[in-house]
Protein chains: 2
Amino acid sequence: MKLKDLARELGLSLTTVSRALNNYPEVSDDTRARVKRVADRVGYQPNIIARGLAVGEIGAIAVMVPKESTSYLDPDTIEFLVGIAEVLAPAGQDILLVQSSRDESLETCRNIIESRRADAIIICYPAPVDSRVRFLADANFPFVVYGKSRTPVAHTWVDIDHRDAAFRSTAFLFERGHEKIAAIEGPVQFAFAEERMAGIRRAFDQFELPPCIINDTFCDYTGYEHTLRLLRQASPPTAFVYGSLLSAIGGGRAIRELGKQERIAVVTQDNGVPYLSPKNILPRMTMTSFPIREAAKRVAQQTIRMMDVNAAIETESWKPRLISIAQSGRD
Amino acid sequence: MKLKDLARELGLSLTTVSRALNNYPEVSDDTRARVKRVADRVGYQPNIIARGLAVGEIGAIAVMVPKESTSYLDPDTIEFLVGIAEVLAPAGQDILLVQSSRDESLETCRNIIESRRADAIIICYPAPVDSRVRFLADANFPFVVYGKSRTPVAHTWVDIDHRDAAFRSTAFLFERGHEKIAAIEGPVQFAFAEERMAGIRRAFDQFELPPCIINDTFCDYTGYEHTLRLLRQASPPTAFVYGSLLSAIGGGRAIRELGKQERIAVVTQDNGVPYLSPKNILPRMTMTSFPIREAAKRVAQQTIRMMDVNAAIETESWKPRLISIAQSGRD
DNA sequence: CTGTTAGCGCTTTCAT
DNA sequence: ATGAAAGCGCTAACAG
């Protein structure tokens, strides 16, 4: 069933039917009502591709997420996507999920806009300086970045204040008398990891101690291995800061295995992933907490806003709450 | 840069350039090479919408996943999506992620095919009798179902043999002398839950005991609550079967809290989600294991196959391994 | 208020 | 081996 068939059925022209369906003001209420009723009855659905070709829009937004060698989407990214979907679906925008590794990301990005696969792009977890930002800004293509990068181009972004969160996490432990603190953080090729490291370094500086930061992929076994290794050192840390609950889970396991859960203090970042509740983790952990899903909703809203040709650039940074948990260590 | 521009640049007609790019045999090797070289140099990318309109295909496959009231994608569904993406991305097919609740699923499905948003549909976790199956079969639209439903229409599906897995899980515990066994299973509106229940009932029948099965959403706190409640009964279960690692995690927590981790045996289904490793869970658990990601890859391959007009209907069912872990209870 | 007509960018007959 | 021209289904000027 195409528009032409529907028009014939109604004894009207293509144009009028199209206009009635799209709520153009110049159609009489009578006609509009009749057209809609019949369209509904015969189950007419516009061909979205044809429509896209005519209007030059496809009704989809590409979400670019990093592809790790393991090619698995981590829980945080998923939560992010869910938040995006919650806003974009009601807005009638499809989501085009695009995974790309660091070195092909610019190419992929170019590909998306040149083949017009999407009307806007969301960049998730940018690099500290991300080539896509300049490219998209130059191309004047609507985009929003989830993450604060140092790319020297004005652009719209939304982020959780990782620097602040990491600073407060570390300072929290120093203030409680810990002096040997180790931080298990994310890969340096991401801007957020750099941000967190800056926060951690500031805390170490303030307490005049040399920082101990490990960078690795956030996952259970990396958290486990680094923690185990550090705890087996001559003078092991008495406290850990984790950039992700995933590493914290693994780290917690290492701590338990060594029977140290009464003596080690832990602070972790918590992104509010529903099935990764800190409740299940031992030892108990203090956390800096912000629901990534909410941040994602803001990203989606900003993206829709940016699709307007003369939308202004906006940036926003959200501060996580610090949830202090009575725990072990020198509390 | 459009085809026309490229053609002008080359001093050739639209037609020839199009044919060269699409590897039509009637173009001379010389011309083809030259066209491709220049196209590459100027960075020409075909407009996918226009192409879609001309060919009648959009180059995307819709994946329909259930939307729960919580509107969160559970880890299993994610793993499924990752598997799908691993096959579809290299095949040049985009993924259109569509979440729909049970009662709007048929409508959504109709919508997708009538608006031609996708060239094929993947149904994930069907209902025991799923209206979409008949609809899509009647419409002669390519689709594959992940999950074995009872819908009385021949169609292509891929599944993990949940009935068998659940039977073996339960029988495993009976064989080890347990008589009070409780099963924490998924919502009955899904075919897989029905399948697992059939397997569990068969085991109970075989050992001539009345089944004890709880149905609820798979998540940490439901697993926790049901387990806690059951363990506080007058004569509590000595063993649990969990339909999902998620519930098992919560259940394990309840068992630990009651200090019963030396006395309760547990068997769980494990779908191989990388960050939900059973290693982190106490008490230790026996599991029926099958990587959902691999099943998803098969689904994607079958979908691509079904896009050929005269593809035959195929069904496949994969048996999980039972991984017996030395554990507590009456082992 | 309604209809005619010219595209949107690409593929694909049908000629040459 | 190459080109001209007719669509794919829809929207949007432009007329009336």
Side-chain angles (χ1 to χ4, degrees), chain A residues 1-39 42-60 92 94 111-119 307 309, chain B residues 1-39 42-60 92 94 111-119:
Chain A
M1 167 65 72
K2 23 190 176 176
L3 201 58
K4 199 157 112 185
D5 304 328
L6 183 59
R8 186 157 8 83
E9 185 103 0
L10 281 155
L12 286 170
S13 74
L14 279 182
T15 323
T16 308
V17 179
S18 168
R19 284 198 275 236
L21 257 19
N22 292 298
N23 294 316
Y24 276 57
E26 61 263 41
V27 178
S28 77
D29 289 351
D30 247 24
T31 315
R32 189 194 334 281
R34 193 165 68 92
V35 169
K36 287 198 172 177
R37 186 156 31 78
V38 175
V42 301
Y44 167 77
Q45 289 284 77
N47 179 317
I48 202 152
I49 309 177
R51 180 173 199 290
L53 184 58
V55 259
E57 288 179 358
I58 183 66
D94 290 334
N111 202 298
I112 293 168
I113 79 173
E114 286 183 346
S115 67
R116 292 260 121 69
R117 257 162 221 275
D119 302 328
M307 290 170 76
V309 278
Chain B
M1 168 66 72
K2 21 190 177 175
L3 200 58
K4 200 157 110 185
D5 305 327
L6 184 58
R8 185 154 12 82
E9 185 102 0
L10 282 155
L12 288 170
S13 75
L14 278 182
T15 323
T16 307
V17 178
S18 168
R19 282 197 277 236
L21 257 20
N22 291 298
N23 294 317
Y24 278 54
E26 62 263 41
V27 176
S28 77
D29 289 352
D30 247 24
T31 316
R32 191 198 329 285
R34 193 164 69 91
V35 169
K36 288 199 171 176
R37 187 155 32 78
V38 175
V42 302
Y44 168 76
Q45 289 285 74
N47 179 317
I48 202 152
I49 310 177
R51 181 173 198 289
L53 183 57
V55 192
E57 288 179 356
I58 183 67
D94 290 335
N111 203 298
I112 293 168
I113 79 173
E114 287 184 344
S115 66
R116 292 259 121 67
R117 255 163 223 276
D119 302 327

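What you see is a predicted model, and the numbers here were worked out from it, not measured in a lab. Each chain gets a letter, A, B and so on, in the order its sequence line appears, and its residues count up from 1.
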*asked:* To the nearest 0.5 Å, what is the distance between CZ on Arg51(B) and CG on Leu53(A)?
replied: 13.5 Å

*Any Asn22(A) side-chain nitrogen or oxygen under 4.0 Å from OP1 or OP2 of dT11(D)*: yes

*Side chain of Leu53(B): nearest nucleotide among dA1(D), dT11(C), dC8(D)?*
dC8(D)

*asked:* Measure CD/Glu57(B) against C1'/dG9(D) and give the value in whole Å, please.
replied: 16 Å

*Check whether any side-chain nitrogen or oxygen of Arg51(A) sits under 4.0 Å from OP1 or OP2 of dT11(D), and answer yes or no.*
yes

_Phosphate OP1/OP2 of dC10(D) contacted by Tyr44(A) side-chain N/O (<4.0 Å)_ = yes

*asked:* Rounded to whole Å, how long is the line connecting atom CD1 of Ile48(A) with atom P of dG9(D)?
replied: 15 Å

*Given dT2(C), is OP1 or OP2 found less than 4.0 Å from the side-chain N or O atoms of Thr15(A)?*
no

*Whole-Å distance between dG7(D) P and Asn47(A) CG?*
18 Å

*Is any side-chain heavy atom of Arg19(A) less than 4.5 Å from a side-chain heavy atom of Glu26(A)?*
yes

*Gap between atoms CG and C1', on Leu14(B) and dA6(D) respectively (whole Å)*: 13 Å

*NZ of Lys4(B) versus C1' of dC8(C): gap in Å, rounded?*
11 Å

_Check ion pair Arg8(A)-Asp5(A) (N to O, under 4.0 angstrom)_ = yes

*Nearest-nucleotide pick for Ala54(A), side chain only, options being dT13(C), dG7(C), dC8(D)*: dG7(C)

*asked:* Without decimals, in angstroms, what is the distance between Leu3(A) CG and dC8(C) P?
replied: 20 Å

_dT4(C), OP1 or OP2 - any side-chain N/O from Ser13(A) closer than 4.0 Å?_
no

_Using whole Å, what does the distance between atom P of nucleotide dG9(C) and atom CZ of Arg19(B) come to?_
21 Å

*asked:* On DNA chain C, does the nearest nucleotide to Glu26(B) precede the nearest nucleotide to Ala50(B) from the 5' side, or the other way round? Give the residue.
replied: Ala50(B)

*Closest to side chain of Val55(B), choosing from dG3(D), dT11(C), dG9(C)*: dT11(C)

_Nearest-angstrom distance from the residue atom CG of Leu21(A) to C1' of dA12(D)_ = 15 Å

*asked:* On the nucleotide dT11(C), are OP1 or OP2 found under 4.0 Å from the side-chain N or O atoms that Ser18(B) carries?
replied: yes

*asked:* Closer than 3.5 angstrom, by distance alone: can the side chain of Arg117(B) be matched with the main-chain N or O of Ile58(B) as a donor-acceptor pair?
replied: no

_Side-chain N or O of Thr31(B) versus OP1/OP2 of dA1(D): is the shortest distance under 4.0 Å?_
no

*asked:* What contact category does Ile49(A) fall into here, base, sugar-phosphate, or nothing, at under 4.0 angstrom with non-hydrogen atoms?
replied: nothing

*asked:* Any heavy-atom pair between the side chains of Val35(B) and Val27(B) that's under 4.5 Å?
replied: no

